[in-house]
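Data block below; observations after.
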Amino acid sequence: MTIPYFSRKRKESMMTSEATLTSKGQVTLPKELRVSLGLEAGAKLSFSQLSDGTVVMRVKHRKLSESAGMLTRPGQPSVPLRDLRR
């Protein structure tokens, strides 16, 4: 199985890896792919099959509270989640 993907950090680059499907239907994602996507044990993934047979794998979205602080820039003050509610 070949798993092509585009990294969020470098959209112009593409990595191709191979993985083997076990008799139990399990696949181990290559370490480089897990590291690049920031995946840890227990991460949720979704798979979509396009009409041409291409399979797209996406990391499932996290809760907003788990994403706190991801959009800050160096030197920018953080805003508590409770202050975002109106």
Side-chain angles (χ1 to χ4, degrees):
M1 172 189 289
T2 301
I3 305 173
Y5 78 97
F6 292 94
S7 169
R8 289 185 206 173
K9 296 177 184 175
R10 294 180 292 158
K11 291 186 180 180
E12 72 280 354
S13 66
M14 186 171 115
M15 179 183 83
T16 301
S17 298
E18 292 186 4
T20 301
L21 183 68
T22 69
S23 60
K24 293 183 179 183
Q26 299 171 335
V27 174
T28 299
L29 297 177
K31 182 178 181 179
E32 185 178 349
L33 178 59
R34 294 190 316 265
V35 170
S36 175
L37 295 174
L39 298 175
E40 296 179 0
K44 301 293 183 185
L45 308 171
S46 67
F47 297 87
S48 303
Q49 185 173 12
L50 305 180
S51 60
D52 67 356
T54 301
V55 176
V56 177
M57 179 195 78
R58 291 187 177 93
V59 178
K60 295 265 302 192
H61 298 290
R62 300 176 182 160
K63 296 178 184 175
L64 180 60
S65 60
E66 295 174 355
S67 302
M70 291 180 69
L71 301 177
T72 61
R73 294 182 208 138
Q76 179 184 17
S78 59
V79 178
L81 185 60
R82 67 179 177 277
D83 292 348
L84 294 176
R85 297 184 181 140
R86 294 185 178 191

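Counting from 1, the numbers follow the sequence of the chain as shown.
- Tracing side-chain contacts under 4.5 Å through hydrophobic residues (I, L, V, M, F, W, Y), one reaches L33 starting from V55; they form part of the same cluster.
- With sequence neighbours left out, the side-chain contact (heavy atoms from CB on, under 4.5 Å) criterion links S48 to R58.
- Evaluation of the side-chain contact (heavy atoms from CB on, under 4.5 Å) rule for S23 yields no partner, not counting sequence neighbours.
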Steps toward side-chain contact (heavy atoms from CB on, under 4.5 Å) verdict (M57, L37): CA-CA 11 Å; M57 179 195 78; L37 295 174; 3.7 Å; yes

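- Within a 6.0 Å sphere centred on CD of Q26, other residues, nucleotides and ligands contribute more than 12 heavy atoms.
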Working for side-chain contact (heavy atoms from CB on, under 4.5 Å), residues V59 and L45: CA-CA 5 Å; V59 178; L45 308 171; 4.1 Å; yes

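- Annotation for A19 and V27: closest pair CB-CG1, 3.3 Å, computed over non-hydrogen atoms.
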